[in-house]
Each structure stands twice: as structure tokens, then as C-alpha cells.
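Below is one structure, written out as C-alpha cells; comments come after it.
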Amino acid sequence: MSSPLRLAGRLALVTGATRGIGRAVALAYAKEGAHLILVGRTAGALEEVDDEIRALGGNATLLTLDLKNRDKIDALGPTIYQRWEKLDILVGNAGILGPLSPLGHVTADAWDEVLNVNLTANWRLIRTLDPLLRRSDAGRAIFVSSGAAVSRAAYWGPYSVSKAGLEALVVTYAREVENTPVRANLINPGPTRTNMRAKAFPGENAASLKTPESIAPTFVKLAEAACTDNGKIFDLKTGDVR
Ligand code: NAP
């Protein structure tokens, strides 16, 4: 007898679902029976993931959204409420690397873009979706951090600052929901075979890196109603939990 699907009937919103880690997480959730709300900038790329989900027997709702569009993020909560009245799983995965250069060479526009996409957009997502996560019997919020949040390497300024801020944001949120059924955690995937990694380390042999699919199981575990972890940061490179 096959085991029951771990996310059967759950409604999950994944940002950055067009490729890389977000796409792998969306597919893993669909395989476990979740209905997906796929968020990404380009309709065509979302449709390709939608096709893959359908091929698995799942289904998805597509939401074309640039996370720099603050008003559109703020409208998400009311829109999802109208149709579903709640949200079970939020995955704040979308992110950009931004410039790798000395702080003095970073343009104000580049700084703002990295902080907007990697940090402020996730705060706005929490702000608009928190009431819906609280309406679920087991709301789960998962955000994607990076080793850069703590390594603070030279030339990685905007990205490092954005991820350090994201960790502070999500742990703060976790403390605020401690006495509710909502649970919020972060995952640091570690070096993973995606476009972003290739951009950061162009000389690297991508075949030596783990695939996005190989890290998706941790996203499933933290999305399950049975998950009791809250305010934790799971480092998939070292296996440490902070
Ligand atoms: P990726 O392949 O470059 O994918 C990034 C995703 O974010 C894409 O779906 C992209 O959508 C989306 N995105 C970027 N800017 C956006 C915007 N303004 N509005 C909406 N969506 C936007 O990168 P990845 O490696 O999968 O990264 C996923 C997360 O993992 C990021 O938060 C990253 O910081 C983190 N991370 C990755 C690694 C790694 O080694 N890969 C390590 C540590 C942390 P489009 O298709 O529209 O561009």
C-alpha cells in the first residue's frame, strides 16, 4: 500500500518558482499533493513549471509578480483570502545576488534592488499573508537564507546584509507566532547547482554541486503539519541547526 501524501490538500505559495531551488520545491510539494501558487516574474517560465506539475498529476495557480512591485505584494493577502480564505505554506525563496564588489562601488540602485527583493519583499509577504497562515490549522513559513548571512565576506556586502536581515526578520516572526499553530523557519541550502551559484562562482564545476532536487526534502519536512520546529535556521551544508 502506498503511503499517504505528506502535503495532501495543502495550499502552498512559492516565490521564485520559475527555476532553481524554487522550482524544485514546487515540484516536490506537488508530488506530495499540495496545490501550488507559483510566483515568478515571467508567465512563460511559470507555465513551463505548471506543465511539469500537471505531468505529475498536480495542479497550480500562476501568479506573475515582480517582488519589487510593493503594491502587488500587498494585494496578495486579500486576493488569496477571497479565493481560499487561508494559506497553509509560504516559501519565500526568490532572491538575487546583486553586485559582488567593494561597498564603495555598489550603486544605490543595486543596493536598493538587493535589499528590496531579498529582504523587504519577504517582510511584505509576511505582513500580507500572516493573517492567512493563522487561519490554517498548521501555517508554515519557510524562507531561504545563505551562508553569506554570517560569513560577511568581502565584496558580498548587499547580499550578505540582505540575508542577515532576512534571518533576523524570520526569527522575529517565529517568536511572534510562538503561541499560534504557525511555524516559521529558514533554510540555508549551501552551494547548489543553479543560475545564481554559477553567476557567483563562474569557474566552478557545476557537476560537483548538489542539485536543487536533492535539498527539496527539507522544504517538505518543514512544510508538514507535523513540523514542530520554529525560529530555526537549517544549514544544509554542515547539517547544523541554529
Ligand atoms: P536562481 O536559479 O537564480 O533563481 C532565483 C529565483 O528568484 C528565480 O525564480 C527568479 O525568477 C526569482 N526572482 C529573482 N528576482 C525576482 C523578482 N524581482 N521578483 C520575483 N522573482 C524574482 O537562484 P537559486 O539559487 O535557486 O536561489 C533561490 C534562493 O536560494 C535565493 O534566495 C538564494 O539567495 C538562495 N541561495 C542559493 C544558493 C545556491 O548555491 N544556489 C546558496 C545559498 C542561498 P525569474 O525567473 O523571474 O528571474
Side-chain angles (χ1 to χ4, degrees), residues 13-28 36-50 52 60 62-74 76 90-100 109-110 112-125 141-151 153 156-167 169-170 185-202 204-216 218-219 233-238 240:
L13 183 149
V14 180
T15 69
T18 53
R19 55 191 158 89
I21 293 167
R23 172 184 161 275
V25 171
L27 293 174
L36 271 302
I37 303 175
L38 304 175
V39 178
R41 273 183 299 190
T42 44
L46 288 175
E47 278 158 18
E48 283 174 30
V49 180
D50 186 34
E52 293 182 88
L62 312 189
L63 229 157
T64 310
L65 168 70
D66 187 325
L67 289 166
K68 295 195 289 294
N69 187 330
R70 298 173 165 204
D71 293 341
K72 271 187 104 172
I73 301 177
D74 294 350
L76 273 180
L90 161 63
V91 180
N93 158 78
I96 55 171
L97 186 62
L100 300 182
D109 283 350
D112 285 346
E113 186 180 14
V114 175
L115 271 291
N116 278 334
V117 175
N118 294 2
L119 178 57
T120 307
N122 284 313
W123 164 67
R124 288 191 106 96
L125 283 169
I142 302 160
F143 292 85
V144 184
S145 189
S146 161
V150 287
S151 65
W156 282 65
Y159 184 76
S160 293
V161 170
S162 71
K163 293 296 187 181
L166 180 68
E167 291 191 352
L169 172 79
V170 177
N185 294 286
L186 294 124
I187 293 172
N188 166 16
T192 309
R193 198 186 306 165
T194 68
N195 289 3
M196 182 189 285
R197 179 74 192 181
K199 194 176 163 203
F201 297 93
E204 190 173 57
N205 174 14
S208 68
L209 301 172
K210 60 181 183 286
T211 62
E213 290 71 27
S214 72
I215 61 170
T218 305
F219 287 80
I233 305 168
F234 293 80
D235 185 328
L236 303 188
K237 182 179 176 192
T238 62
D240 292 346

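Order of listing sets the numbers, starting from 1, for every ligand and every atom in it. The first residue in the sequence is number 1, and the count goes up from there.
- Ranking the protein heavy atoms by distance from atom 40 (O) of ligand 1 puts T192 N, 2.9 Å first.
- Annotation: S146 places no N or O atom under 3.5 Å from an N or O atom of ligand 1; distance criterion only.
- Scanning the protein heavy atoms around atom 30 (O) of ligand 1, the nearest turns out to be V144 CG1, 3.2 Å.
- In this structure, atom 23 (O) of ligand 1 lies nearest to the protein heavy atom M196 CB, 3.4 Å.
- Remark: minimum distance from atom 2 (O) of ligand 1 to any protein heavy atom is reached at R19 NH1, 3.3 Å.
- Where the criterion is an N or O separation shorter than 3.5 Å, residue side chain and backbone included, T42 fails it with respect to ligand 1.
- In this structure, the side chains of N116 and L67 stay at 4.5 Å or more apart for every pair of heavy atoms.
- At a heavy-atom distance under 4.0 Å, only backbone atoms of S145 (N, CA, C or O) approach ligand 1.
- Rounding to the nearest 0.5 Å places OG1 of T120 at 5.5 Å from CZ of R70.
- With a 4.5 Å cut-off on side-chain heavy atoms, R193 and T211 count as touching.
- Across the listed options S162, G44, A94, A94 owns the non-hydrogen atom lying nearest to atom 13 (N) of ligand 1.
- The option from G20, G95, G16 that lies nearest to atom 5 (C) of ligand 1, judged by heavy atoms, is G95.
- Residue V117 touches ligand 1 through its side chain alone, judged by heavy-atom distances below 4.0 Å.
- The protein heavy-atom contact nearest to atom 37 (C) of ligand 1 is I21 CD1, 3.9 Å.
- Under 4.0 Å from ligand 1, heavy atoms of L67 appear from its side chain as well as its backbone.
- Counting heavy atoms closer than 4.0 Å to ligand 1, residue R23 contributes nothing at all.
- The closest side-chain heavy-atom distance from L236 to T192 is not below 4.5 Å.
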### Message
Walk me through whether R124 and D74 qualify under side chain to side chain contact (heavy atoms under 4.5 Å, CB included).
### Response
CA-CA 7 Å; R124 288 191 106 96; D74 294 350; 2.9 Å; yes
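- Residue contact annotation: P191 has a non-hydrogen atom under 4.0 Å from ligand 1.
- Assignment of P212 to the shell around ligand 1 is not supported, since no heavy atom sits closer than 4.0 Å.
- Regarding atom 11 (O) of ligand 1, its nearest protein heavy-atom neighbour is T18 OG1, 3.3 Å.
- With hydrogens left out, the protein atom closest to atom 34 (O) of ligand 1 is Y159 OH, 2.6 Å, a heavy atom.
- The shortest contact between atom 28 (C) of ligand 1 and any protein heavy atom is with N93 OD1, 3.1 Å.
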